[in-house]
Amino acid sequence: MLNEKTKELLNSQINKEFYSAYLYLAFANYFDNNGLDGFANYFKIQAQEERDHALLFLEFLQNNGILPMLEGIEKPNQNFSSIKEVLQEALNHEKYVTASINTIYDEAINNKDYRTTQFLDWFVKEQLEEEKSADDLLVKWDMYGEDKRSLYLLDKELSERVYTAPSLQL
């Protein structure tokens, strides 16, 4: 059985994941508006992933006999001054999501809720990948993003990214 605090944290995570999708769509809009279709593609795919993560949390609660309570989704910042600012915000946001998942994990461990920890194991691994991808993109930008030809090649590389739905079995 899920304790009340774990239920609240899991339910709150649904909202955080949907907010993440909104935030990444705001990033995609910034890049679309600045002619960087590959960067826009990258963040549109990130938005799809976050939406799917929200649905996984929702389904986990439902599978445990809990009715998820959907909350309002905060409007993300949509005013960015530079590519680097967006990339840094993406990395910071992934770290925030990691901390949130770790908080849920801690609560589940403290209550010997192994079902929830097993569910969260996938997200722990996913967040490592998400932070690494965000950090790698920022590192690439710092190395050669100001160079127009390198920016073109990086944008082209990001345009080739395709969406893959998560393979987590609930």
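Minimum heavy-atom separation, Ala26 to Pro76: CB-CG, 4.1 Å. Heavy atoms only, all atoms of each residue included: Glu71 and Asn11 are closest at OE2-ND2, 3.8 Å. Shown here for Ala40 and Phe31, the closest heavy-atom pair between the two residues is N-CB, 3.6 Å. Nearest heavy-atom pair, Asp155 versus Gly35, reported as atom, atom and distance to 0.1 Å: OD2-O, 4.5 Å. Listed here is the closest heavy atom pair of Gln127 and Thr98: NE2-OG1, 3.1 Å. Annotation for Leu154 and Tyr144: closest pair CB-CE1, 4.4 Å, computed over non-hydrogen atoms.
There is a side-chain donor-acceptor pair under 3.5 Å between Glu17 and Gln13. For the residue pair Arg51 and Gln46, no side-chain donor N or O sits within less than 3.5 Å of a side-chain acceptor on the partner.
The hydrophobic cluster containing Leu128 does not contain Phe119, counting ILVMFWY residues as joined when their side-chain heavy atoms lie under 4.5 angstrom apart, directly or transitively. Note: the hydrophobic cluster containing Ile83 does not contain Tyr152 (ILVMFWY, side chain heavy atoms under 4.5 Å, direct or indirect links). By the rule that hydrophobic residues join a cluster once side-chain heavy atoms approach within less than 4.5 Å of another member, Ile109 and Ile104 end up as members of one cluster. Put simply, Phe60 and Met69 are part of two different groups of oily side chains (I, L, V, M, F, W, Y) that touch within less than 4.5 Å, one to the next. In terms of hydrophobic clustering, with Ile, Leu, Val, Met, Phe, Trp and Tyr side chains grouped at heavy-atom distances under 4.5 Å, Leu25 and Tyr19 are assigned to different clusters.
The CD1 atom of Ile14 lies 11.5 Å from the CG atom of Leu9; values are rounded to the nearest 0.5 Å. Summarising the geometry, atom NE2 belonging to His93 is positioned 9.5 Å from atom NZ belonging to Lys16; distances are rounded to the nearest 0.5 Å.
When Asp32, Leu87, Leu23 are each tested for a side chain to side chain contact (heavy atoms under 4.5 Å, CB included) with Phe43, only one passes: Leu87.
Side-chain N or O atoms of Ser100 include none that pairs as donor or acceptor with a backbone N or O of Val97 at under 3.5 Å. The backbone N or O of Asn111 sits nowhere less than 3.5 Å from a side-chain atom of Asn3 that would complete a donor-acceptor pair. With hydrogens and angles ignored, the 3.5 Å screen pairs no side-chain donor or acceptor of Thr6 with any backbone N or O of Leu2. Although no hydrogens or angles enter the test, the distance criterion places a donor-acceptor pair under 3.5 Å between the side chain of Asn41 and the main chain of Arg161. Side-chain atoms of Ser12 never come within 3.5 Å of backbone atoms of Glu8 as a donor-acceptor pair (strictly under, hydrogens ignored). Asp135 places no side-chain N or O within donor-acceptor distance of the main-chain N or O of Glu131, the cut-off being under 3.5 Å.
With a 6.0 Å radius and a threshold of 12 heavy atoms from other residues, nucleotides or ligands, Tyr22 has its OH atom at or below the threshold.
Taking the side chain as every heavy atom from C-beta outward, Leu151 and Glu146 never approach each other to under 4.5 Å. By the 4.5 Å heavy-atom criterion applied to side chains, Leu120 and Phe57 are counted as neighbours. Residues Ile45 and Tyr24 fail the side-chain proximity criterion, which asks for heavy atoms closer than 4.5 Å. Residues Asn92 and Gln88 are in side-chain contact: their nearest non-hydrogen atoms beyond the backbone lie under 4.5 Å apart. Between Leu137 and Trp141 there is no side-chain heavy-atom pair separated by less than 4.5 Å. Under the 4.5 Å side-chain criterion, counting only non-hydrogen atoms from C-beta, Glu126 is in contact with His53. A heavy-atom distance below 4.5 Å is found between the side chains of Leu56 and Trp122. Contact annotation: the side chain of Glu157 never approaches that of Leu153 to less than 4.5 Å [non-hydrogen atoms, C-beta and beyond].
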### Task
Go through the steps for Asp142 and Lys84 under the test side chain to side chain contact (heavy atoms under 4.5 Å, CB included), then give the verdict.
CA-CA 8 Å; Asp142 285 341; Lys84 182 168 182 167; 2.9 Å; yes

### Task
Take Asp113 and Arg115 through the test side chain to side chain contact (heavy atoms under 4.5 Å, CB included) and record every step on the way to the result.
CA-CA 6 Å; Asp113 179 355; Arg115 182 185 308 170; 3.9 Å; yes

### Query
For Tyr42 and Ser133, what are the C-alpha separation, side-chain angles and deciding distance, and is it a side chain to side chain contact (heavy atoms under 4.5 Å, CB included)?
CA-CA 11 Å; Tyr42 177 89; Ser133 293; 3.6 Å; yes

### Task
Assess whether ring pair (Phe, Tyr, Trp, His ring centres under 6.0 Å) is satisfied between Phe39 and Phe27, documenting all intermediate values.
CA-CA 9 Å; Phe39 281 85; Phe27 293 167; over 10 Å; no

### Task
List the steps, then state whether side chain to side chain contact (heavy atoms under 4.5 Å, CB included) holds for Asn33 with Tyr30.
CA-CA 5 Å; Asn33 192 48; Tyr30 170 80; 5.9 Å; no

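Residues Lys140 and Asp136 are not paired through a salt bridge, judged by the lack of any N-O separation under 4.0 Å between the basic side chain and the carboxylate. Taking 4.0 Å as the cut-off between side-chain N and carboxylate O, Lys7 and Glu4 count as a salt-bridged pair.
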